[in-house]
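Have a look at the structure below, then the notes.
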Amino acid sequence: MPIPLRVALTAAAGLGAAGSGGYYFLTKTNKQASEPIQTKVEPKHYDWRPFQLLSREEIDSRIRSGQFVSKLEIDRVKAVYTNQLPSNDPVEDNYSINTFQQGLIAGVYDGHIGPHCSRLIKKQLPIYIARELNKNPNTPLSEQEKEEAISKAFSDLDQDIQQRFYDLFPKNLKRTTEKDIRAAIARQPDQKATQAIIDEAINGSCALTVYVKDGVVYSANTGDSRVVIVSQDEQGNWKGRRLVEEESPANPSWRAHMMKQHPPEESDVLIMRNRIFGLIAVGGSFGDIMYKAPVEYQMKVLPYIPYDSYKTFARYHHRIVAHYRTPPYLESKPLTSRHQLQKGDKFIILGTDGLWDELSWDDVRSSRGDQKAAEIMSTWRYKGESNPATHLIREALLYDAVYKNLRVKEPVEDEQLELSKRLTRKPSRSYRDDITIVVIELDDPSSNSESCPANVGPVHAAEEVDVNVPRLVDPSKLNQSWFSGWIWSRL
């Protein structure tokens, strides 16, 4: 497959920049590392990476800066606690907490390449879900139908994100040139909105949502975020159990599913190093149109979009093009489940993969992280943090791995030292991901705990979803699109 000139030149430039950047990193950081840092503990292992030693007050301020609580009147829900610890700048994670007809819709959205897609689905996915749940207001849905409605909402939203992108360009690309693509963008009446449509399709985001209604938890997961139900049995034992699996090439069952979607001759290049084409580590997402577009768009449109958007994936676009035969390679249709709340169910934890990387850093797909989260939650009311989402962040950063990048696993001996490392090393993204957590505290009739502790952060009111907000794309026009019929018939 011939590679467009812009793709090839950008790839070459990226390799050159990477080489010079690597030299700068080595010389610069080694110089910084030679400057002694005063600490109370002599490190057991040589660790040259520079950091700033923070005071306990500074650590607390940073960890608590994103915390808040949402109070709402929902059956079996006592309160919803949220916190976010950024790593990327700007942060690429997002979250949402909404009510809908005496039910709770909550989600976490793990963006990548940029924040634009996760920002969009934070606003739109709760609306799409509520709209599907309310499609026939006079006919109650069964539990199975509710699960299917949520799944359809995921697929519809991603279809609309893509369709808005395709609608910017000529439908017949056989004789389309770079000049035609640029002209198609230039004649759009609202250039700011046009840029947003492009960025929302180019950026990607995983999505994990729960809908809690009438004692049932409906979970839907696209990508590698995770939802865990935390319970305590009559003997006092705490247990964490994943409610729905992850869509990840590292997940053997999902990997097998992905392989079945494409011809056997693609098997050697489809998943390498537990990544699609050796590049992206998730098996499902919104946006990420460079893994979904028809071949014609991949070759004749994507290289010629505005460069500020193209450069976000330009450094590896040539590697996608080299193997691109039978798209789509990603989809937004989620894995779903439903759970009837039981006596002893205490919390529902929604976390982006930044949390689970910390709790099972040696094997990110391991269920040990689920159980460790439950054990951490069992100590919430006794360890000083009023907001359980903040408690999870703090304990996850301290969990049994002082020297993660050295692959040495040891208990933390100096919490101030370790948290200073985790919070101040730069570039932060090299040492940890954005962490976003939503903790739903369940109203357990057998519990006598206070309804909501003090000092949990600002109190926010959860917004009721408005189902009258129109879809991003008029559904009547979707049937007129050649693209919709082509791509969605494959899914």
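Treat the numbers as computed from the prediction; the structure is a model and nothing was measured. Atom set for the values below is all heavy atoms of this structure, side chains included, hydrogens, waters and symmetry mates excluded.
Counting heavy atoms from C-beta on, the side chains of I63 and L423 come closer than 4.5 Å. When side chains are defined from C-beta on, R471 does not count as touching V473, because their heavy atoms never get closer than 4.5 Å. You'll find the side chain of L302 stays beyond 4.5 Å of the side chain of V321, heavy atoms only.
A salt bridge does not link K146 to E143: none of the charged nitrogens lies less than 4.0 Å from a carboxylate oxygen. Between K292 and D158 there is a salt bridge, with a side-chain nitrogen of the basic residue lying less than 4.0 Å from a carboxylate oxygen of the acidic one. Using a 4.0 Å cut-off between a side-chain N of Lys or Arg and a carboxylate O of Asp or Glu, K152 and E148 do not qualify as a salt bridge.
For the side chain to side chain contact (heavy atoms under 4.5 Å, CB included) criterion with L208, the lone passing option out of L243, T436, V227, T352 is V227. Of the listed residues (Y166, Y291, Y324, Y304), just one forms a ring pair (Phe, Tyr, Trp, His ring centres under 6.0 Å) with Y297, and that residue is Y166.
Atoms CG and CD, from L133 and E145 in turn, are 11.0 Å apart once rounded to the nearest 0.5 Å. Atom OG of S428 and atom CG of N88 lie 7.5 Å apart (nearest 0.5 Å). Separation of atoms CD1 (I349) and CZ (R242) is listed at 12.5 Å; rounding is to 0.5 Å. Rounding to the nearest 0.5 Å gives a distance of 8.0 Å between CG of L335 and NE2 of H257. The CG atom of L350 sits 8.0 Å away from the OG1 atom of T209 when rounded to the nearest 0.5 Å.
By the 30° and 60° cut-offs, the orientation of the rings of F313 relative to Y310 is perpendicular. Note on ring orientation: taking the six-membered ring where Trp is involved, the planes of H460 and F68 are parallel (angle under 30°, cut-offs 30° and 60°).
Between the side chain of E463 and the main chain of N98, no donor-acceptor pair closer than 3.5 Å is present. Put simply, the side chain of D156 never gets that close to the backbone of A153: no donor and acceptor are under 3.5 Å apart. In terms of modelled atom types and a separation under 3.5 Å, the side chain of Q188 and the main chain of A184 share a donor-acceptor contact. Judged by distance alone, with hydrogens and angles left aside, the side-chain atoms of H317 form no donor-acceptor pair with the main-chain N or O of P303 at under 3.5 Å.
In terms of heavy atoms, V244 sits closest to S337 at CB-OG, 3.8 Å. Heavy-atom minimum distance, P334 versus S151: CD-OG, 3.6 Å. Across all their heavy atoms, T99 and A462 have their closest contact at CG2-CB, 3.9 Å. Shown here for E178 and R182, the closest heavy-atom pair between the two residues is OE2-NH2, 2.7 Å.
Outside the 6.0 Å centre-distance limit, the rings of F100 and Y211 are not counted as a close aromatic pair.
A donor-acceptor pair shorter than 3.5 Å can be found between the side chains of T390 and N83. Between the side chains of R226 and N221, no donor-acceptor pair is found at a separation under 3.5 Å. Between the side chains of N134 and Q101, at least one donor-acceptor pair of N or O atoms lies under 3.5 Å.
Listed by chain and residue number, I127, D466 satisfy the side-chain contact (heavy atoms from CB on, under 4.5 Å) test with V469 (two or more places apart in sequence, or in another chain). Residues satisfying the ring pair (Phe, Tyr, Trp, His ring centres under 6.0 Å) test with F154, not counting sequence neighbours, are F286.
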> Could you walk me through whether W356 and V228 pass the side chain to side chain contact (heavy atoms under 4.5 Å, CB included) check?
Replying inline: CA-CA 11 Å; W356 310 107; V228 171; 3.6 Å; yes

> Between Y316 and F277, is a ring pair (Phe, Tyr, Trp, His ring centres under 6.0 Å) present by the stated rule, with each step listed?
Replying inline: CA-CA 10 Å; Y316 55 81; F277 300 147; over 10 Å; no

>> side chain to side chain donor-acceptor pair (under 3.5 Å) for N251 and E247? Distances and angles first, verdict last.
In response: CA-CA 7 Å; N251 177 348; E247 295 180 345; over 6 Å; no

>> Does Q163 form a side chain to side chain contact (heavy atoms under 4.5 Å, CB included) with L472? I'd like the steps, not just the answer.
In response: CA-CA 9 Å; Q163 190 63 56; L472 296 178; over 6 Å; no

>> Using side chain to side chain contact (heavy atoms under 4.5 Å, CB included), reason through I198 and I185 one step at a time and then give a plain yes or no.
In response: CA-CA 10 Å; I198 293 172; I185 295 173; 4.2 Å; yes

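Within the structure, the salt bridge (Lys or Arg N to Asp or Glu O under 4.0 Å) test picks out the following pairs touching residues 194-215 (sequence neighbours left out): R164-E200. Applying the side-chain hydrogen bond (donor to acceptor under 3.5 Å, both in side chains) rule to pairs touching residues 112-122 yields N94-S118, H112-D288, sequence neighbours excluded. Within the structure, salt bridge (Lys or Arg N to Asp or Glu O under 4.0 Å) contacts touching residues 262-281 (residues at least two apart or in different chains) do not occur. Sorted by first and then second residue, the salt bridge (Lys or Arg N to Asp or Glu O under 4.0 Å) pairs with a member in residues 430-439 read R429-D433; sequence neighbours excluded.
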